[in-house]
Novice: 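The structure follows.
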2 protein chains.
Amino acid sequence: MCSQKSPVTDPGSFAATEARIRRTHERFPAFRRDAAVLVRLVRHIQAQVHDAANAILREHGLNHADYNILIMLYGSADQAMNPSQLGGAAGEKSANLTRICNGLVDRGLVDRVADPQGDRRKVQLSLTRRGVELLETLLPVMTDLLDRCMLGFAPDERDQLEHLLKRLLVNVEALGRPA
Amino acid sequence: MCSQKSPVTDPGSFAATEARIRRTHERFPAFRRDAAVLVRLVRHIQAQVHDAANAILREHGLNHADYNILIMLYGSADQAMNPSQLGGAAGEKSANLTRICNGLVDRGLVDRVADPQGDRRKVQLSLTRRGVELLETLLPVMTDLLDRCMLGFAPDERDQLEHLLKRLLVNVEALGRPA
DNA sequence: AGTGATTAATTCATTTCTGAAGTACAATAG
DNA sequence: CTATTGTACTTCAGAAATGAATTAATCACT
């Protein structure tokens, strides 16, 4: 109403989303405003982080999915995981995980070997030295990205948010199961 | 009837993610635990909601992206939006939005006409009667999905979460803008 | 009125992701 | 032991999403 729209995504744009949700609620009262707002917020946040990460990683020849795999391995107890663990951790479907790891193996960032326990269905994925090196050149800039997400959040607010999101996660994980 | 959905994340597994983040922080101290946890929570929540919505909508011949477009239009003030508004609202890139809307137009759920204001660059998208009818058959089940997300949340907790996520959104929206 | 920048939407080639099916192995039970 | 059931991963074909043009119209200035 007052100033002209700011250049990229204008920060007040979520107000329009809320107005739409309100109208939907008016037309269809069972449709809950609060839940809809939360779900759309999560969607927008995730999309923005994803895009920002992709933009940064592109110039290093990686994308967000690749990075996620690398950092999962970097943080894993014995520097190694098998695809199903990795898929769960990174939130990738198994078919997609196979494809992503193929790329990382081809580029010499990840090693794929037979499961040391001898279960011949399983496979062990781990970072190569090159993988570790690349990831460690990425970490400063990705860390900076995370820092910028947290600007203006007090420690107790972060805790609050973390706690609430964990409860939300429990709820949404149950969505896949019932009828 | 016997085809079971394979869960992407096994429930309770977020503890493993936290352990990985902690180890990453130990190896690379600047990497912040709190921000990383929040970002991964958001990612997992979004993925679960997306998958659950897709599973529900598939049997109606739609997917989550389609549904989002329909409900944005349903809630819009004059039942019509142009692609750029819709893209911003639904969090879709413009190229993708064109593709999605092509499909919806082809199926007779959405109308695409010239902008009534006369700006010949613009296009008006609106729900057809069939689009409204289909959406209204979907709304009960999608509403139920949203309700299940909110199980166990008190009103003030929902407010808290909404408030915190809005602040997080402001931060992540700034990520895209050059530092 | 003429120019250069901006905005809106689309196209296009390519990459990424998905669901379903397939292969190989392991575990369990009859 | 062998049959059934379940798990781990891969393959595959098709769908969805991306980034970089492209086309076309409007805007902002002079």
Side-chain angles (χ1 to χ4, degrees), chain A residues 4-10 43 46-48 50-59 61-69 81-88 90-106 112-115 117-125 176, chain B residues 1-8 10 43 46-47 50-59 61-69 81-88 90-107 112-115 117-125 176:
Chain A
Q4 283 299 0
K5 297 161 209 187
S6 32
V8 191
T9 11
D10 68 302
R43 189 185 182 337
Q46 156 63 19
Q48 293 288 328
H50 182 71
D51 289 351
N54 269 341
I56 289 171
L57 293 165
R58 187 170 319 124
E59 55 211 26
L62 292 182
N63 61 26
H64 198 200
D66 295 329
Y67 168 81
N68 276 331
I69 299 306
M81 298 172 80
N82 46 45
S84 38
Q85 292 177 301
L86 249 181
E92 298 289 352
K93 310 267 199 298
S94 60
N96 201 29
L97 194 93
T98 297
R99 179 190 59 84
I100 295 167
C101 288
N102 285 342
L104 295 172
V105 169
D106 289 349
R112 183 195 261 138
V113 300
D115 177 74
Q117 250 77 22
D119 186 333
R120 301 206 317 204
R121 294 170 303 182
K122 291 188 184 173
V123 145
Q124 273 272 18
L125 298 161
Chain B
M1 53 139 78
C2 50
S3 69
Q4 282 293 47
K5 288 246 54 171
S6 56
V8 168
D10 71 294
R43 189 185 184 336
Q46 155 63 20
H50 181 72
D51 289 350
N54 269 342
I56 288 171
L57 293 164
R58 187 170 317 125
E59 56 211 24
L62 291 182
N63 61 27
H64 197 200
D66 296 329
Y67 167 81
N68 276 331
I69 300 306
M81 298 172 80
N82 46 45
S84 38
Q85 292 177 301
L86 249 182
E92 297 289 352
K93 310 266 199 299
S94 61
N96 201 31
L97 193 94
T98 297
R99 178 189 59 83
I100 295 166
C101 288
N102 284 343
L104 296 172
V105 169
D106 289 349
R107 278 177 283 177
R112 182 195 261 139
V113 301
D115 177 75
Q117 251 76 22
D119 185 334
R120 302 204 316 203
R121 294 168 304 180
K122 291 187 184 173
V123 145
Q124 272 270 19
L125 298 161

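Chain letters run A, B, ... following the sequence lines, proteins first and then strands; every chain starts at 1.
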Novice: Taking heavy atoms of chain B and a 4.0 Å limit, find me the 5'-most and 3'-most nucleotide of DNA chain D within that range.
Specialist: D:dA16 to D:dT26
Novice: Report the residue (A:S94 or B:R112) whose heavy-atom-nearest nucleotide on DNA chain C is the more 5′ of the two.
Specialist: B:R112
Novice: At under 4.0 Å between heavy atoms, what does B:S84 touch on the DNA or RNA strands: base, sugar-phosphate, or nothing?
Specialist: sugar-phosphate
Novice: How many Å lie between CD on B:E92 and C1' on C:dA9, as a whole number?
Specialist: 15 Å
Novice: Less than 4.5 Å apart, side chain to side chain, heavy atoms only: is that true for A:L125 and A:M81?
Specialist: no
Novice: Starting at atom CG of B:D51, determine the distance to atom P of C:dG19, rounded to an integer number of angstrom.
Specialist: 6 Å
Novice: Tell me, do B:P83 and B:T98 make a side-chain contact under 4.5 Å, heavy atoms counted?
Specialist: no
Novice: Once side chain to side chain contact (heavy atoms under 4.5 Å, CB included) is applied, do any residues pair with B:N82, and if so which ones, sequence neighbours excluded?
Specialist: B:S84, B:Q85, B:K122
Novice: To the nearest Å, give me how far apart CG (A:L97) and P (C:dG19) are.
Specialist: 15 Å
Novice: Applying salt bridge (Lys or Arg N to Asp or Glu O under 4.0 Å), name anything that partners A:D119, two or more places apart in sequence or on another chain.
Specialist: A:R121
Novice: Using C1' atoms of five pairs at each end, report the bend of the helix from C:dA1-D:dT30 to C:dG30-D:dC1 rounded to 10 degrees.
Specialist: 30°
Novice: Among B:D106, B:N102, B:I100, which residue satisfies the side-chain contact (heavy atoms from CB on, under 4.5 Å) criterion with B:L104?
Specialist: B:I100
Novice: By salt bridge (Lys or Arg N to Asp or Glu O under 4.0 Å), which residues pair with B:R107, not counting sequence neighbours?
Specialist: B:D66
Novice: Residues in side chain to side chain contact (heavy atoms under 4.5 Å, CB included) with B:R120, at least two apart?
Specialist: none
Novice: How about B:N63 and B:L57: do any of their side-chain heavy atoms sit closer than 4.5 Å?
Specialist: no
Novice: Can you measure B:L57 atom CG to C:dT18 atom P for me and round it to whole angstrom units?
Specialist: 15 Å
Novice: Could you tell me how far apart B:N102 (CG) and C:dT11 (C1') are, to the nearest whole angstrom?
Specialist: 10 Å
Novice: If you look at every strand shown and take non-hydrogen atoms under 4.0 Å, does A:D115 touch a base, only sugar-phosphate, or nothing?
Specialist: nothing
Novice: Kindly say if B:R99 contacts the phosphate of C:dA13, meaning a side-chain N or O under 4.0 Å from OP1 or OP2.
Specialist: no
Novice: For A:N96 and for A:R58, find the nucleotide of DNA chain D with the closest heavy atom, then tell me which residue's nucleotide is more 5'.
Specialist: A:N96
Novice: Polar-atom pairs under 3.5 Å, protein N or O versus N or O of nucleotides 23-26 of chain C: list them with distances, or write none.
Specialist:
| from | atom 1 | to | atom 2 | distance (Å) |
| --- | --- | --- | --- | --- |
| C:dC25 | OP1 | A:R120 | NH2 | 3.3 |
| C:dA26 | OP1 | A:R120 | N | 3.3 |
| C:dA26 | O4' | A:R121 | NE | 3.4 |

Novice: Run the side-chain hydrogen bond (donor to acceptor under 3.5 Å, both in side chains) test against B:N96 and tell me which residues pass, sequence neighbours left out.
Specialist: B:E92, B:R99
Novice: State which residues pass side-chain hydrogen bond (donor to acceptor under 3.5 Å, both in side chains) with B:H64; sequence neighbours excluded, sorted by chain then number.
Specialist: B:H50
Novice: Is B:N82 near enough to C:dA8 that one of its side-chain N or O atoms lies under 4.0 angstrom from OP1 or OP2?
Specialist: no
Novice: For B:Q124, give me all partners under side-chain hydrogen bond (donor to acceptor under 3.5 Å, both in side chains), at least two apart in sequence or on another chain.
Specialist: none
Novice: Does OP1 or OP2 of C:dC17 have a side-chain N or O of A:K93 closer than 4.0 Å?
Specialist: no
Novice: Identify, with sequence neighbours excluded, every residue that meets side chain to side chain contact (heavy atoms under 4.5 Å, CB included) alongside A:A52.
Specialist: A:L145, B:L175
